[in-house]
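Presented below is the structure to which this report refers.
Numbers for residues simply follow the sequence, beginning at 1.
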Amino acid sequence: MSKKNGIEALSRRAFLASAATVGAGALAAPAFAQSALDGLLNAPRRGNWDDQFDAKAASRTATAVLSNTPILSPQSVPSTQQAIMQYQQIASAGGWPEVNPGDQRLQLGVSSPTVQALRQRLAITGDLPREAGLSNAFDSYVDGAVKRFQARHGLPADGVLGEFTLKAMNIPADVRLQQLNTNLIRIQTFPEDMGRRHLMVNIPAAYVEAVEDGSVATRHTAVVGRLSRPTHIVNSKIYEVILNPYWTAPRSIVEKDIMPLMRKDPTYLEKNAIRLIDGKGNEVAPETVDWNGEAPNLMFRQDPGKINAMASTKINFYNKNGEYMHDTPQQGLFNKLMRFESSGCVRVQNVRDLSTWLLRETPGWNRQQMEQVIASGVNTPIKLATEVPVYFVYISAWGMPDGVVQFRDDIYQMDGNAELALDTTSGMEQPVQ
């Protein structure tokens, strides 16, 4: 059997299994959500929030969503099928209540009738334990439950119901069910064996996993392409790590970003250590270029250094889109709420940890040697002794073997429902600084 036919057969089997599982869930539909609500209603009535304070509750529930199991693993299809069954039951039982605090800021210490709806909403999806009850108090149990919900949706786990947390919380259950079904089909296209060592870049999650022997070896926050300049979905192989890379501006950035900047500030290229190189390798003086005309047919190449757009590291993989992974001098971008701001390439937080992992089986390149080369500032390409498979995927909803169900913003509007794009993609990439 060919690899392609094998994958198709796997997908058909998984799809039929999924349909059977979801059908079974529909027969038992009201039980799940109603039992969660009954547990709350029958719990002891809660008093003031400080009567129920549990200092460890929030940290327990927020960290409970982490797992060493990769997003894409042999367990991915059955785990997502289980999540579909759970959300089928919830949707059939009427879903969850809308949480609408108005102008009130819901956070730890607040007492409000709206908190009852919040408690019910969180309990139905298993974020709030039943014993927490249905009081008006935003106590530490609710705080922990909100943080768990936020972590499951890729939001900062601060326990405060801000704009994006409320938007995510109020997406109807049937829409979330649709999102899970859409993503199950995507997950089914991947083989169970993706390689002993491989990298997975999940675009909606703005997140990178380095996977080894079926377990996540290292995780990395990422910045991926915005809607107007998206990061492409591709299966490829990483073949090279470049320390102290030159950065060559893509034609799109030259036309859309650098040309307008040069019109405003003729010293922009000099300030940013960008040189103009012609087709023969000769350097061209910026003052000889008409910046009010069309972009010149020249290479715009930035020297290695701290202000280089790729900072210390560039990671190359085979693709026709001119995309790559890299470091960045703008480390503050990784702390942003939403990280969809690049022109298609992927910026990786703690990229030196990832490079160390990629080069571990390449003789002569340990972390100490890498740091010495980076400190020297010398451009140094390194071919991997064994190329590492890399999968750029678009998975915005999935289930995990421990029962945690994850959702992300549909940043490229590929899930078929406008409600799933939470308007969190308005950030704009800054040109080279």
Exercise for review: Quick one: do Glu283 and Ile277 satisfy side chain to side chain contact (heavy atoms under 4.5 Å, CB included)? Show the steps, please.
Suggested key: CA-CA 5 Å; Glu283 187 170 351; Ile277 310 295; 4.2 Å; yes

Practice item. Determine, step by step, whether Asp303 and Asn308 satisfy the side chain to side chain contact (heavy atoms under 4.5 Å, CB included) criterion, reporting the C-alpha distance in whole Å, the side-chain angles of both residues, the deciding distance to 0.1 Å, and the verdict. Key: CA-CA 7 Å; Asp303 293 336; Asn308 183 284; 6.0 Å; no

Exercise for review: Kindly indicate, with the supporting measurements, whether the criterion side chain to side chain contact (heavy atoms under 4.5 Å, CB included) is fulfilled by Ile233 and Met414.
Suggested key: CA-CA 12 Å; Ile233 298 169; Met414 296 177 65; 4.1 Å; yes

Exercise for review: Given side-chain hydrogen bond (donor to acceptor under 3.5 Å, both in side chains), test Asp213 with Ser215 step by step and report yes or no.
Suggested key: CA-CA 6 Å; Asp213 295 326; Ser215 184; over 6 Å; no

Practice item. Show your working on side chain to side chain contact (heavy atoms under 4.5 Å, CB included) between Glu209 and Leu72 and close with a plain yes or no. Key: CA-CA 10 Å; Glu209 285 182 347; Leu72 292 174; over 6 Å; no

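Residues Thr380 and Trp365 are in side-chain contact: their nearest non-hydrogen atoms beyond the backbone lie under 4.5 Å apart. Counting heavy atoms from C-beta outward, Pro101 and Leu166 have side chains that approach closer than 4.5 Å. Counting heavy atoms from C-beta outward, Arg226 and Ile411 have side chains that stay 4.5 Å or more apart. A heavy-atom distance below 4.5 Å is not found between the side chains of Thr328 and Val223. Counting heavy atoms from C-beta on, the side chains of Met200 and Ile395 never come closer than 4.5 Å. Between Leu420 and Phe407, every side-chain heavy-atom pair lies at or beyond the 4.5 Å cut-off. Inter-residue side-chain proximity for Leu269 and Ile258 is flagged as met; some heavy-atom pair is nearer than 4.5 Å. Here the side chains of Ser111 and Phe138 are not in contact, with every heavy-atom distance at 4.5 Å or above.
Rounding to the nearest 0.5 Å places CG of Asn350 at 10.5 Å from OG1 of Thr356. If you take CE on Met85 and CD on Gln88, they are separated by 10.5 Å, rounding to the nearest 0.5 Å. To the nearest 0.5 Å, atoms CZ (Arg152) and CD (Gln406) are separated by 7.5 Å. From Thr125, atom OG1 reaches atom OH of Tyr87 across 5.0 Å, with rounding to the nearest 0.5 Å. One distance of note links OG1 of Thr267 with CG of Leu261; it measures 10.5 Å at 0.5 Å rounding. Separating the CZ atom in Arg352 from the CD atom in Glu371 is a distance of 4.5 Å, to the nearest 0.5 Å.
At a threshold of 4.0 Å, the pair Asp415-Arg408 does not count as salt-bridged, since none of the basic side-chain nitrogens sits closer than that to a carboxylate oxygen. Between Asp127 and Lys147 there is no salt bridge, since no side-chain N of the basic residue sits under 4.0 Å from a carboxylate O of the acidic one.
Between Phe317 and the choices Tyr239, Tyr391, Tyr324, Phe392, the ring-ring contact (aromatic ring centres under 6.0 Å, His included) rule is met once, by Phe392. Partner of Met325 under the side chain to side chain contact (heavy atoms under 4.5 Å, CB included) criterion, out of Val351, Leu358, Val346: Val346 alone. Just one residue in the list Asn181, Ile187, Ile185 forms a side chain to side chain contact (heavy atoms under 4.5 Å, CB included) with Thr80, and that residue is Ile187. Leu359 pairs with exactly one of Ile382, Val388, Leu243 by the side chain to side chain contact (heavy atoms under 4.5 Å, CB included) rule, that one being Ile382.
No donor-acceptor pair closer than 3.5 Å links the side chain of Arg105 to the backbone N or O of Val110. Side-chain atoms of Thr362 do not come within 3.5 Å of backbone N or O of Leu384 as any donor-acceptor pair. A donor-acceptor distance shorter than 3.5 angstrom exists from the side chain of Asp139 to the backbone of Tyr141, with no hydrogens or angles considered. Using modelled atom types, no side-chain atom of Gln413 and backbone atom of Leu227 make a donor-acceptor pair closer than 3.5 Å. At distances below 3.5 Å, at least one donor-acceptor pair connects side-chain atoms of Asn183 with backbone N or O atoms of Ser396. In this structure a side-chain-to-backbone donor-acceptor pair under 3.5 Å is present from Arg121 to Met169. With hydrogens and angles disregarded, a donor-acceptor distance shorter than 3.5 Å links the side chain of Tyr394 to the backbone of Tyr412. Remark: the backbone N or O of Val373 is paired with a side-chain donor or acceptor of Ser376 at under 3.5 angstrom. Here the side chain of Trp96 pairs a donor or acceptor atom with the backbone of Ile171 at under 3.5 angstrom. Between the side chain of Asn379 and the main chain of Asn244, a donor-acceptor pair closer than 3.5 Å is present.
In terms of heavy atoms, Asp257 sits closest to Pro260 at O-CD, 3.2 Å. A pairwise comparison of heavy atoms in Glu212 and Ala217 identifies CB-CB, 4.4 Å as the closest pair. Nearest heavy-atom pair, Asp410 versus Gly416, reported as atom, atom and distance to 0.1 Å: OD2-N, 4.4 Å. Residues Pro245 and Ala311 come closest through the heavy atom pair CD-O, 3.5 Å. Across Ala83 and Gly399, no two heavy atoms sit closer than the pair CB-CA, 4.2 Å. Listed here is the closest heavy atom pair of His220 and Val348: CB-CG1, 3.6 Å.
Annotation: Glu270, atom CD; neighbour count of heavy atoms from other residues, nucleotides and ligands within 6.0 Å does not exceed 12. Atom CG of Asn297 has 12 or fewer heavy atoms from other residues, nucleotides or ligands within 6.0 Å.
One side chain, Asp158 or Gln150, offers a donor N or O that lies under 3.5 Å from an acceptor on the other. Side-chain contact of Ser112 with Gln104: a donor-acceptor pair under 3.5 Å is present, judged by distance alone. Under 3.5 Å, the side chains of Arg119 and Gln116 contain no donor-acceptor pair of N or O atoms.
At least one cation-pi condition fails for Arg263 and Trp291: the charged atom is not both under 6.0 angstrom from the six-membered ring centre and inside a 45 degree cone around its axis. Arg197 forms a cation-pi arrangement with Trp357, by the criterion of a distance under 6.0 Å to the ring centre and an angle within 45° of the ring axis.
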